[in-house]
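Some notes on the structure that comes next.
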Amino acid sequence: MSGAGKSTASACLSDLGFYVIDNFPVPLFNHFVAHSLTSPDKFLRTALLVDIDSQEKQREMISLIKDLGPQAKQLQIIFLDCRSDTILKRYHETRRPHPNFNPHEDDTLLDTIKRERARLMPLQEMAAVRIDTSDMTVHDLRREIKGFVDSLSRHPHKTMRVNFLSFGFKYGIPPDCDLVADVRFLPNPYFVETLRDKNGLDPDVRDFVLKLEDATTFLKYYSQLLEFLLPRYIFE
């Protein structure tokens, strides 16, 4: 359904490593399937957001899926649904026009939504999963999409990239930091004459810091904090 969260789902699938194509033309479906077989590694995880804005395109899409034969088992349809009143509210908030509004058939936006819902019913019935986004935030929808993708995979996507960056406060905090740990409570090797000209990659500087009881205690507790936080960041 238009307004049910397609853009959010697209971004989520992209973040999960899918090759995503938006507004994919229905007539190119079989050609793309044939092309994907020539580069299976590239297209192993592919998400097509298909442009179905008419009854004719829907019938063609359903026919093309059925014509896949055994390959159809590799295809999973995710259908995003939403209550009509919520879709109305979303379009009023964004002030964007509904892509399927037809002045010759629709007197109001609600007419457009009802017509689209009736038209998409056959495709909805073919879906492997139907997600009602009426009461969802974008984060809720991302979790639903990720959960469905993980259910199909032997290796669920449960990792998060973490970058550690050392910086000097006199240069300012880096703009892309999410967590900042202030370790200025530790003695500064710069003020040790024999270490002043060395940097943090030098074994002498490393040994100077790590032999401190406060340093090892800090690393212990901060590691425990990250072990608590990271799974919750991944979930959210």
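- Residue D81 holds its CG atom at 7.5 Å from OG1 of T133, rounded to the nearest 0.5 Å.
- Closest approach of A128 to Q76, counting heavy atoms only: CB-OE1, 2.9 Å.
- In this structure a side-chain-to-backbone donor-acceptor pair under 3.5 Å is missing from S63 to E60.
- To the nearest 0.5 Å, atom OG of residue S10 and atom CD1 of residue I21 are 10.5 Å apart.
- With sequence neighbours left out, T38 forms a side-chain contact (heavy atoms from CB on, under 4.5 Å) with H35.
- Cluster annotation: M126 is connected to F79 through the hydrophobic network of ILVMFWY side chains, with a link wherever side-chain heavy atoms come within less than 4.5 Å.
- With contacts defined as side-chain heavy-atom distances shorter than 4.5 Å, the pair D106/H98 does not qualify.
- Using modelled atom types and a 3.5 Å distance limit, the side chains of T217 and D214 yield no donor-acceptor pair.
- Grouping the Ile, Leu, Val, Met, Phe, Trp and Tyr side chains by contacts below 4.5 angstrom, directly or via other members, places L16 with L80.
- No more than 12 heavy atoms of other residues, nucleotides or ligands shown are found within 6.0 angstrom of CZ on F191.
- Between Y233 and D178 the shortest side-chain heavy-atom distance does not fall below 4.5 Å.
- Residues H31 and P27 approach most closely at CD2-O, 3.6 Å, considering heavy atoms.
- In this structure, D207 contributes its side chain and D204 its backbone to no donor-acceptor pair below 3.5 Å.
- Shortest non-hydrogen contact noted between A72 and I65 is CB-O, 3.8 Å.
- A donor-acceptor pair under 3.5 Å is absent between the side-chain atoms of S14 and the main chain of A11, judged by distance alone.
- Side-chain contact between R59 and I62 is absent, with no heavy atoms from C-beta onward closer than 4.5 Å.
- Under the 4.5 Å side-chain heavy-atom criterion for grouping Ile, Leu, Val, Met, Phe, Trp and Tyr, L49 is connected to F148 within one hydrophobic cluster.
- With respect to the salt-bridge test (charged N to carboxylate O, under 4.0 angstrom), the residues D111 and K114 do not qualify.
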Residues I131, I145; criterion side chain to side chain contact (heavy atoms under 4.5 Å, CB included); working and verdict: CA-CA 9 Å; I131 302 175; I145 295 290; 3.8 Å; yes
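- Follow the hydrophobic side-chain contacts under 4.5 Å out from V205 and you reach F164 in the same cluster.
- To the nearest 0.5 Å, atoms CG (D107) and CZ (F101) are separated by 8.0 Å.
- Residues passing the ring pair (Phe, Tyr, Trp, His ring centres under 6.0 Å) test with F167, sequence neighbours excluded: F169.
- Residue M121 holds its CE atom at 10.0 Å from CD of Q58, rounded to the nearest 0.5 Å.
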Run the side chain to side chain contact (heavy atoms under 4.5 Å, CB included) check on N23 and K6 step by step: do they pass? CA-CA 10 Å; N23 290 325; K6 183 177 71 171; 3.6 Å; yes
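- The shortest distance between side-chain heavy atoms of V209 and P189 falls below 4.5 Å.
- In this structure, the separation between CG on L225 and NZ on K220 is 14.0 Å, given to the nearest 0.5 Å.
- Residues T46 and S36 have side chains not in contact (no heavy-atom distance under 4.5 Å, counting atoms from C-beta outward).
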Go through F29 and V50 one step at a time and tell me if the side chain to side chain contact (heavy atoms under 4.5 Å, CB included) criterion holds. CA-CA 9 Å; F29 181 72; V50 187; 5.7 Å; no
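- Judged by distance alone, with hydrogens and angles left aside, the side-chain atoms of S134 form a donor-acceptor pair with the main-chain N or O of R83 at under 3.5 Å.
- In plain terms, the two heavy atoms of Y190 and R196 that are nearest each other are O-NE, 3.0 Å.
- Using a 4.0 Å cut-off between charged side-chain N and carboxylate O, E93 and R90 make no salt bridge.
- Between F43 and Y19, the angle of the ring planes goes over 60°, which puts this pair in the perpendicular group of the 30/60° scheme.
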Walk me through whether R115 and N102 qualify under side chain to side chain contact (heavy atoms under 4.5 Å, CB included). CA-CA 10 Å; R115 185 166 52 81; N102 187 334; 3.7 Å; yes
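- From I77, atom CD1 reaches atom CZ of R130 across 14.5 Å, with rounding to the nearest 0.5 Å.
- For the residue pair Y91 and P99, the shortest heavy atom distance occurs at OH-CD, 3.4 Å.
- One hydrophobic cluster, built from ILVMFWY side chains closer than 4.5 Å, holds both I52 and L75.
- Between T194 and F208 there is no side-chain heavy-atom pair separated by less than 4.5 Å.
- Minimum heavy-atom separation, P122 to R119: CD-O, 3.4 Å.
- Test K89, R117, E116 against S84 for side-chain contact (heavy atoms from CB on, under 4.5 Å) and you get one pass: R117.
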